[in-house]
Amino acid sequence: MTTGPESPGEDPGQLLSSTRELTRRVRRTQRGTWFPLVVFAAVTFIAIPVYHSGGPHLGNCVTVPGGRVCTAAYSAGVVYWPIALVMAYLAIAAFYIRRSRARGVGTRVRPYVIAGIVFALAVTGAALWAFHHPLAYGQGAWAELLARLVNPAFAIGLALLVLAWAERNRALLILVAGYLAVVLVPVSLGWVIDHRAWAFLPQLVIDGSALLLAGIGFALAQRPWRHAT
């Protein structure tokens with residue numbers, strides 16, 4: 001018995017559709033988006049007692065027309081973030097490698113981990129340089145924006161963009177855009193603490209909560225039985 005060109009088994013449209021569906025299933029199987037988000041949420045929340053234990057410290061000051069410009073930083077945070085982020089990326093890499101071995105489907109996690117470590121170290125280096133150069137930021141709104149560009153939260157957001165690319169994950173891309181908006185605007189929800197020792201608290205809580213809620217959402221969306229057929 002011969003199979004003609006109109007046989008469903010050889011229909012080009014059906015083959016293309018099947019290939020696309022298989023590609024979507026493989027990508028869903030590869031994704032473990034929730035884990036990096038939860039890890040970064042934990043790292044952000046742990047930074048709270050670290051910041052408080054170190055306290056804010058003044059850096060260098062320079063005289064400018066109309067007064068003086070000084071830098072300030074939480075010294076414990078400067079040490080904490082590069083170590084915590086590198087360890088976080090190593091944990092994420094281990095998670096994806098173990099997951100790929102268990103499921104037999106690999107994920108391009110290496111570019112993400114490498115990019116994340118590079119971003120973390122670059123932001124830390126830029127923050128340290130700016131701490132010793134009071135005029136590096138300038139003044140006014142531009143100074144506030146540059147200060148947020150050397151924030152570890154911004155480095156996390158940049159690395160998550162790489163993860164969205166690696167996983168071909170549009171939902172994560174949209175989420176990261178919102179997260180970066182929270183980091184750069186910033187979004188305080190009206191929560192402001194005047195006490196200098198705790199001034200960092202609102203932004204860390206908001207950033208960490210955004211990451212945690214996103215991680216829980218992705219965990220629910222990506223649970224294995226949800227895509228079972």
Side-chain angles (χ1 to χ4, degrees), residues 26-52 76-77 80-103 105-121 123-124 148 151-184 186-187 189 191 200-228:
V26 170
R27 287 177 179 173
R28 286 198 298 262
T29 302
Q30 288 175 326
R31 291 172 183 171
T33 316
W34 66 271
F35 187 77
L37 291 169
V38 171
V39 168
F40 288 132
V43 167
T44 302
F45 286 131
I46 293 172
I48 294 174
V50 173
Y51 272 47
H52 186 63
Y80 167 78
W81 278 110
I83 296 174
L85 288 178
V86 169
M87 292 181 64
Y89 286 117
L90 293 178
I92 292 167
F95 167 81
Y96 273 97
I97 291 173
R98 180 178 179 182
R99 193 168 178 271
S100 65
R101 290 176 178 174
R103 297 191 175 188
V105 179
T107 302
R108 294 180 297 175
V109 68
R110 181 179 296 180
Y112 167 63
V113 171
I114 293 175
I117 292 176
V118 170
F119 289 146
L121 296 180
V123 166
T124 301
R148 297 198 170 277
N151 189 313
F154 184 69
I156 291 174
L158 291 179
L160 288 174
L161 286 177
V162 179
L163 180 62
W165 165 79
E167 291 191 340
R168 300 292 192 272
N169 194 333
R170 293 182 181 179
L172 179 59
L173 181 62
I174 295 172
L175 173 101
V176 175
Y179 174 75
L180 288 175
V182 170
V183 171
L184 295 176
V187 177
L189 302 178
W191 183 17
F200 62 86
L201 184 61
Q203 200 60 48
L204 284 180
V205 171
I206 292 172
D207 292 348
S209 298
L211 291 168
L212 180 59
L213 291 175
I216 293 173
F218 275 103
L220 294 174
Q222 295 174 350
R223 57 193 183 277
W225 58 265
R226 181 180 179 84
H227 303 295

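Counting begins at 1 with the first residue of the sequence.
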J.: Run the ring pair (Phe, Tyr, Trp, His ring centres under 6.0 Å) test against Tyr89 and tell me which residues pass, sequence neighbours left out.
T.: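 Applying ring pair (Phe, Tyr, Trp, His ring centres under 6.0 Å) to Tyr89 gives Phe40, Tyr112.
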J.: Using every non-hydrogen atom in the two residues, find where Asp207 and Ala153 come nearest and quote the distance to one decimal.
T.: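 Taking every non-hydrogen atom into account, OD2-CB, 3.7 Å.
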J.: Looking at residues at least two apart in the chain, or sitting in another chain, which of them share a ring pair (Phe, Tyr, Trp, His ring centres under 6.0 Å) with Phe45?
T.: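 Phe45 satisfies ring pair (Phe, Tyr, Trp, His ring centres under 6.0 Å) with no other residue.
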J.: Provide the closest heavy-atom pair for Trp81 versus Tyr51 in the form atom of the first, atom of the second, distance.
T.: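 Of all heavy-atom pairs spanning Trp81 and Tyr51, the closest is NE1-OH, 2.7 Å.
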J.: Looking at side-chain heavy atoms only, is the closest gap between Val38 and Phe218 below 4.5 Å?
T.: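 No. Closest side-chain heavy atoms not under 4.5 Å.
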J.: For Phe119, give me all partners under ring pair (Phe, Tyr, Trp, His ring centres under 6.0 Å), at least two apart in sequence or on another chain.
T.: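 Here no residue qualifies.
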J.: Any side-chain hydrogen bond (donor to acceptor under 3.5 Å, both in side chains) pairs touching residues 151-166, not counting sequence neighbours?
T.: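 Residue pairs passing side-chain hydrogen bond (donor to acceptor under 3.5 Å, both in side chains), neighbours aside: none found.
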J.: Quickly, which of Val162, Leu160, Asn169 forms a side-chain contact (heavy atoms from CB on, under 4.5 Å) with Val176? Name it, please.
T.: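 Testing Val176 for a side-chain contact (heavy atoms from CB on, under 4.5 Å) against Val162, Leu160, Asn169 leaves exactly one candidate, Leu160.
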J.: Is a side-chain N or O of Tyr80 found less than 3.5 angstrom from the main chain of Val43, in a donor-acceptor match?
T.: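 Yes; at least one donor-acceptor contact below 3.5 Å.
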J.: Mind checking the CG-CG spacing from Leu161 to Leu180? Nearest 0.5 Å is all I need.
T.: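 Interatomic distance, Leu161 CG to Leu180 CG, rounded to 0.5 Å: 5.5 Å.
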J.: With heavy-atom distances below 4.5 Å as the criterion, would you say the side chains of Leu211 and Tyr179 are in contact?
T.: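 In contact.
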J.: Show me the pairs that pass side-chain hydrogen bond (donor to acceptor under 3.5 Å, both in side chains) and involve residues 37-50, at least two apart or across chains.
T.: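 Output for this query is empty, none listed.
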J.: Mind checking whether His52 and Phe200 have parallel, tilted or perpendicular rings, split at 30° and 60°?
T.: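 Geometry flag for Phe200 against His52: tilted rings.
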J.: Applying side-chain contact (heavy atoms from CB on, under 4.5 Å), can you list everything that pairs with Ile97, at least two apart in sequence or on another chain?
T.: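 By the side-chain contact (heavy atoms from CB on, under 4.5 Å) rule, Ile97 matches Arg101.
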